[in-house]
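Accompanying notes for the structure given below.
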Amino acid sequence: MTIPPSKRKPHPPDPHPLAGRKKPQTPDAMTQDIYARIRAEVLAALRSIVPDLPDDIAARVEVTPNRDPAHGDMATNAAMVSAKAARQAPAKIAAGLVAWLGEAPDIAEASAAGPGFVNIRLDPSAYRSLLPVILRAGESYGDSKTGAGIKVNVEYVSANPTGPMHIGHCRGAVVGDALANLMAKAGFAVTKEYYINDAGAQVAALAWAAYWRYLQAIGTTLSEEEFSNEVPGGLQYRGEYLIPVGTELARLHGTALATHDLGIAAPDTWIDRVRDFTIDAMMKEVRVDLAQLGVRQDIFSSERALVASGAADTTIDRMAADGLIYEGVLEPPKGKTPDDWEPRPQTLFRSTQFGDDVDRPLRKSDGSNTYFANDIAYHADKIDRGYDMLIDVLGADHGGYVARMRAAVKALSGGKTKFEAVLCQIVHIMKGGVPVRMSKRAGSYVTLSDLLDEVGKDAVRFTMLTRNADAQMEFDLDKALAQTRDNPVFYVQYAHARCRSVLRAAAESLSAEAVTDAALADAKLDSLEAEAELTLMRRLAAWPRTAEAAALAREPHRIAFFLYDLASDFHMLWNRGKDDATLRFLQQDRPEETLARLALVAATAVTIRSGLAVMGVTPVEEMR
RNA sequence: GCGCCCUUAGCUCAGUUGGAUAGAGCAACAGCCUUCUAAGCUGUGGGUCGGUGGUUCGAAUCCACCAGGGCGCGCCA
């Protein structure tokens with residue numbers, strides 16, 4: 001999850017410029033978000049009681065849904081938060097609010113309760129009036145301008161192109177993609193980006209591994225162990241996925257990349273070509289996997305290209321000119337000194353001046369850049385491209401990396417560009433109640449492609465979003481396919497399918513034109529007054545604030561939970577028709593009631609689609 | 001040793017950023033349904049929110065310390 005600002009210690013990031021502004025006052029948000037509307041009413045009332053209400057107190061006034069329907073639809077803390085400034089008892093202010101709000105449109109009843117809450121019960125017509133708004137908005141229902149067009153770059157996946165994507169990458173891909181969608185919905189100007197880590201030792205190792213498959217393809221007499229002994233660091237990436245690459249290299253180059261007796265030629269003569277070709281092949285697969293997962297990034301940035309362009313060195317020079325760099329010797333970590341520790345002068349970035357724990361090295365002893373140095377250059381590039389905020393979606397094992405990157409972004413942008421990280425914890429795959437082990441070294445691991453074949457894109461994406469990203473997760477393959485209530489993927493899809501099924505049936509019995517969203521937006525809705533119907537409408541009304549809060553918290557998983565609750569409300573309504581046929585949506589001899597219920601059903605479908613769109617999950621028309 | 005994250009019902013997890021009597025699914029228990037709105041429904045029980053202090057009108061939520069788990073800790077990315 002995104003760590004709530006208050007929890008980030010010891011170096012809280014600068015708060016988002018709009019983080020404190022919870023209730024946008026833009027006109028479309030006002031009409032869509034009923035909580036914002038009522039809050040405006042509460043503020044007006046409060047100002048009449050406390051004329052000199054300070055702005056910071058006003059900002060703390062909230063209107064929130066009530067857990068217990070007996071308390072009404074929503075409640076405000078206005079009396080309590082303003083009591084001190086007003087020098088009046090909360091109860092007294094609350095009484096004033098009650099008197100004022102009781103007269104307000106949309107509000108059926110206001111009452112003081114507890115230590116100073118004001119409970120508000122809305123007139124059902126207030127909820128009904130939301131249905132045409134939803135139906136006209138379509139999937140854009142829940143969009144807001146909270147982000148105010150702030151330019152955000154969300155970087156995710158960003159794996160070494162050293163093999164097919166596997167489960168470990170998958171969560172970051174889904175979380176990053178959904179987060180980007182969510183922030184776009186909240187009015188941020190979002191760019192989705194993939195950083196290809198195609199420089200450094202790992203891709204050199206990849207080149208050697210591909211070269212081994214090439215030698216095999218042309219019929220070398222070397223054994224794998226003989227070959228491995230000649231490889232700096234030994235042969236890695238022994239998975240079979242490089243066999244086709246070797247075959248293709250053999251087709252393109254014949255035996256030209258080997259010695260005449262089909263042994264290992266001097267690396268200078270082949271390694272660049274083999275590496276570039278292999279990276280290219282791996283990235284093609286990655287793109288296929290991403291496409292199958294429904295992820296489409298706007299920009300792919302290459303670390304190798306960045307280094308080749310000299311940008312990395314330019315950035316280091318720039319930092320040196322700004323006095324951010326020095327040659328120095330780091331202390332060994334206290335309590336755990338590496339065996340081969342020896343003091344060594346290094347090129348260090350003064351990250352401690354920007355909130356990091358220790359200064360961080362930018363150059364290796366051989367003079368080449370550390371990964372961090374290149375990554376700084378990459379982030380500098382993103383800063384130069386004009387983003388106001390950079391979000392990196394990372395694996396939890398990169399948690400220790402966040403503080404230094406935040407320091408670097410702060411230093412490079414003069415504090416103007418915000419940096420955030422979203423950490424994704426490990427996913428354990430379960431099948432038949434036992435964990436599916438993965439071992440990258442042995443080359444046998446669960447690839448993303450396998451997973452997609454097994455359960456499909458929608459189940460993968462939805463399931464990945466049923467946990468806070470920062471919590472470890474078990475992915476139960478059997479459960480993801482189960483058609484039961486405890487599988488949220490199914491349960492939500494089924495709710496949408498049921499909505500569509502009702503509307504199809506209505507199109508048959510009435511006419512297709514009569515049941516379009518546009519037509520239903522004009523339906524007379526007075527007959528919608530059953531408790532289960534109101535419960536569902538309340539849920540629909542909560543979508544804008546839910547989406548907005550999830551975006552500000554950087555927690556896309558909240559969307560999955562919202563949709564599950566929404567589906568639950570809908571199924572409950574549906575089930576009432578099982579016992580009592582008069583409660584079914586379609587009533588032969590009561591066209592007005594039927595149309596009203598259809599409007600509710602259609603609005604439910606719209607809202608589910610709006611949520612699924614954020615998650616990147618396809619709504620289904622029918623279950624099979 | 002230090003830093004970050006986590007700990008909520010038997011299990012898996014939510015908890016609207018400090019609000020009222022802490023919720024859902026599964027499992028358990030008790031009923032109902034044998035359907036054409038197939039892929040169940042209704043209800044019940046279940047809690048020292050890891051522990052102890054503190055902050056205030058009010059704490060699962062913020063602070064301090066402690067316990068347990070995960071991740072990280074100079075030339076891996």
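This one's a predicted model, so the numbers in the text were calculated from it and none came from an experiment. Residue numbers start from 1 in every chain, and the chains themselves are labelled A, B, ... in the order their sequence lines are given, proteins ahead of strands.
For Thr64(A), the listed nucleotide lying nearest its side chain is U17(B); candidates were U17(B), C57(B), A77(B). Here A77(B) is the nucleotide among A77(B), A39(B), A14(B) with the atom lying nearest to any side-chain atom of Arg404(A). Among C41(B), U17(B), A39(B), the nucleotide with an atom closest to any side-chain atom of Arg485(A) is C41(B). Nearest to the side-chain atoms of Gln472(A) among the listed nucleotides A77(B), G70(B), G74(B) stands G70(B).
For the P atoms, the distance from U8(B) to A14(B) is 10 Å, rounded to whole Å. Across the C1' atoms, G70(B) and C41(B) are found 41 Å apart, a figure rounded to whole Å. With both ends at atom C1', the span from G18(B) to G54(B) equals 15 Å, rounded to whole Å. Between G23(B) and G3(B), the two P atoms lie 36 Å apart (nearest whole Å). The same atom, C1', is picked in G58(B) and in A27(B); the two are 35 Å apart, to the nearest Å. The gap from the P atom of C2(B) to that of C65(B) amounts to 11 Å, rounded to the nearest Å. C29(B) and G10(B): their C1' atoms are spaced 14 Å apart (whole Å). Look at the C1' atom in both C26(B) and C62(B): the space between them is 33 Å, to the nearest Å.
Residue Lys479(A) places no side-chain N or O under 4.0 Å from the OP1 or OP2 atom of C11(B). Taking only side-chain nitrogens and oxygens, His557(A) comes nearer than 4.0 Å to OP1 or OP2 of G15(B). For Arg498(A) and A39(B), the shortest distance from a side-chain N or O to OP1 or OP2 is below 4.0 Å. Contact annotation: Tyr564(A) does not reach the phosphate of G25(B) (side-chain N/O to OP1 or OP2, under 4.0 Å). Regarding contacts with the backbone of G74(B), every side-chain N or O of Arg344(A) stays at 4.0 angstrom or more from both OP1 and OP2.
Within the 4.0 angstrom heavy-atom criterion, base atoms lie near Gly577(A).
G72(B) has no stacking from His398(A) on its base ring, since the centres under 5.5 angstrom apart and planes within 30 degrees of parallel are not both found. Between the side-chain ring of Phe561(A) and the base of A14(B), no stacking contact exists by the 5.5 Å and 30° definition.
Contact check on Arg121(A) versus Asp73(A) returns no salt bridge, with no Lys/Arg side-chain nitrogen under 4.0 Å from an Asp/Glu carboxylate oxygen. Ionic pairing of Arg504(A) and Glu508(A) is not present here: no N-O contact between side-chain nitrogen and carboxylate oxygen is shorter than 4.0 angstrom.
His496(A) has its ring centre no less than 6.0 Å from the ring centre of Phe570(A). Ring-centre distance between Phe117(A) and His71(A): not below the 6.0 Å cut-off.
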* To do: Both distances under 3.5 Å, Watson-Crick or G-U wobble: on that basis, could you give the dot-bracket string for RNA chain B, with [ ] for crossing pairs and | for other-strand partners?
  => (((((((..((((.....[...)))).(((((.......))))).....(((((..]....))))))))))))....

Review item, side-chain donor-acceptor pairs of residues 396-405 of chain A, under 3.5 Å, at least two apart:
unit_1    : atom_1 : unit_2    : atom_2 : d
Tyr401(A) : OH     : Asp375(A) : OD2    : 2.8

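In this view, Ser111(A) satisfies the side-chain hydrogen bond (donor to acceptor under 3.5 Å, both in side chains) rule with no residue, not counting sequence neighbours.
Between Phe349(A) and Phe354(A), the ring planes lie parallel to each other; the angle is under 30°, not in the 30° to 60° tilted range.
Cation-pi geometry between Arg545(A) and Tyr35(A) is met: under 6.0 angstrom from the ring centre, within 45 degrees of the axis.
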